[in-house]
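To start, the structure under review is shown below, and the notes come after it.
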There are 2 protein chains.
Amino acid sequence: MPEPEHPAGRRPRLTRERVLEEAVALADEAGFDGLSMRTLADRLGVVPMALYKHVRDKEALLDGMVETVLAEVPPPPDEPGAGWKAAARTRVLDTRRALQRHPWAWRALETRPAPTPAMLDHMEAMLRILRGGGVSPQLTHHAMHALGSRIWGFTQEVGASGPPPTDPDEIAAVMAAMAARWPAVLESAMSAGHDPDTTVGAGCDDDFEFAFALDLILDGTEALDARGWTPWEGVAAGAEG
Amino acid sequence: MPEPEHPAGRRPRLTRERVLEEAVALADEAGFDGLSMRTLADRLGVVPMALYKHVRDKEALLDGMVETVLAEVPPPPDEPGAGWKAAARTRVLDTRRALQRHPWAWRALETRPAPTPAMLDHMEAMLRILRGGGVSPQLTHHAMHALGSRIWGFTQEVGASGPPPTDPDEIAAVMAAMAARWPAVLESAMSAGHDPDTTVGAGCDDDFEFAFALDLILDGTEALDARGWTPWEGVAAGAEG
DNA sequence: ACGCGAGGTGTACGGCGTACACCTATAACG
DNA sequence: CGTTATAGGTGTACGCCGTACACCTCGCGT
């Protein structure tokens, strides 16, 4: 029965778009490590090797997935409104929001051995914000490096665990161990500072920390720009003069 | 031939220390992906399963390797010399030097799901530098976040490729493509700025960029500290006032 | 002298990415 | 309308990976 538009629909032909779409969905649900050529093929009702007709290999699949996610970032407005700093800030936070919808994305991004076209587009847009705002090429270059992974909207906290222990006894034990050997770590964990009535320890607001660091860099860059900083002043010229 | 004390010496008994030592050496030579339980066992002249008598699993092996590398970082002096900023700077750069000797280490660090004791020790030392210098608990907390992976001595450049193409034709082709679609990226690549007579494009000094970003954060934190900043001022209070 | 336990071995399983040969349904064309 | 080329899906297989589990074999304390 050659019924191409069967009610349930003859399984639609695979396309690169469908593959990427389902790969993103699968990674969203199963995490970065839950995504394999085999699980993806299963999800598409197809044999693993079928995927290779649409992506060269898994690396290319990841490239495409990054492309897909980056396409979700709203483009910067043509008209820079309130200066480059605000525009850059908005763009970074926009990117962060897109990446936060796909928690696996930073691992994909970090393992790209070379910038993909979508990544270059993304960088290009950010560079134009700075250069268009009159920041010198040199300072722009260094600022991009300083922003580093923040440009991409993520900061992987080294050693950030999953959910903290919920068992009160266990919490107490951990706290005791900390107090003995790592008192400063313990104090710092209790010193989120924003939102005073937050639950102790767990109350660290990632968005605040991200914005704080971002503003430190943007404000610092702005200050250097305002003073006409040049690299020849030496490395630590930031706030010394 | 049961020659127990063969001239070359009976293969010494495996110890956790020997396992970790050789694991580090292997990763140094073969890279992070070249390290597997099997290749490591080969190197030790032993069957893969023998390793499991000394490390619980591969995750624990990586924990131990991180421990080993972090032990190479010189401890901070008890006497803070020239203020917390200089001390923090020195410690970060010391850490960076240790990590640079083991290029695989950032991947191991980044994939630790929870901080290991050695990592907590490391953080503790840095926190004490700030707190000992009189920085408030809140600002210390945020500064630690802002320093982020820089505390650990690395900043993985997203999309940083290996060696750039050496074939002149290929270079020309890449440059042409960039000029057409990513002119700002191209300009930025040519604008390293430090060391004017560097080869175009390839002359970006990672150490300079690292130090630049580090100083941006440390100087910014210092300025906030000097003015008695508190989180209630709001996120972007950095340089607005 | 003996036995016991720490430490090294062998085999095996299930997962991964993917090379390669094969089949099949479609669409272009004489 | 029949033929045929081909894009796209299939099946099998290989060589890696981490590691569970049963086993053996020393060397040491008794």
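In terms of position along DNA chain C, the nucleotide closest to T15(B) lies nearer the 5' end than the nucleotide closest to the other residue of the pair T15(B) and E59(A). The 5' end of DNA chain D is approached more closely, in terms of each residue's nearest nucleotide, by L14(A) than by the other of L14(A) and Y52(B). Where K53(A) and G34(A) meet DNA chain C, the nucleotide closest to each residue was compared, and G34(A) sits on the side nearer the 5' end.
Classified by interplanar angle (parallel below 30°, tilted 30° to 60°, perpendicular above 60°), the ring pair H142(B)/F212(A) is tilted. Ring orientation note: the planes of H122(B) and W152(B) are close to parallel, at an angle under 30° on the 30°/60° scale.
Of the candidates dG10(C), dC17(D), dG17(C), dC17(D) carries the atom nearest the T39(B) side chain, counting heavy atoms from C-beta on. Listed nucleotides: dT19(D), dT10(D), dC16(C). Nearest to the side chain of R38(A): dC16(C). Taking only side-chain atoms of V46(A), from C-beta outward, the nucleotide of dG17(C), dT10(D), dT19(D) with the closest atom is dT10(D).
Between D121(A) and R181(B) there is a salt bridge, since at least one side-chain N of the basic residue sits less than 4.0 Å from a carboxylate O of the acidic one.
No side-chain donor-acceptor contact under 3.5 Å links S149(B) to the backbone of Q156(B). At least one donor-acceptor pair under 3.5 Å links the side chain of T95(A) to the backbone N or O of R91(A).
With hydrogens and angles ignored, no donor-acceptor pair closer than 3.5 Å exists between the side chain of R13(A) and the base of dG8(D).
Rounding to whole angstrom units, CZ of residue R56(B) and C1' of dG18(D) are separated by 14 Å. Between M49(A) atom CE and dG17(C) atom C1' there is a gap of 9 Å when expressed in whole angstrom units. Regarding R16(A), its CZ atom lies at a distance of 15 Å from the P atom of dG9(D), rounded to whole Å. The separation between L26(B) atom CG and dC17(D) atom P is 11 Å, rounded to whole Å. Look at CG on D42(B): it is 11 Å from P on dC16(D), rounded to the nearest Å. Here dG15(C) presents its P atom at 16 Å from CG of L35(A), a figure rounded to the nearest Å. As a whole-Å value, the separation of L51(B) CG from dA6(C) C1' is 16 Å. To the nearest angstrom, C1' of dT18(C) lies 15 Å from CG of L40(A).
Checking the phosphate oxygens (OP1, OP2) of dG8(C), a side-chain nitrogen or oxygen of H54(B) falls inside 4.0 Å.
Within 4.0 Å (heavy atoms only), K58(B) reaches sugar-phosphate atoms of the nucleic acid but no base atom.
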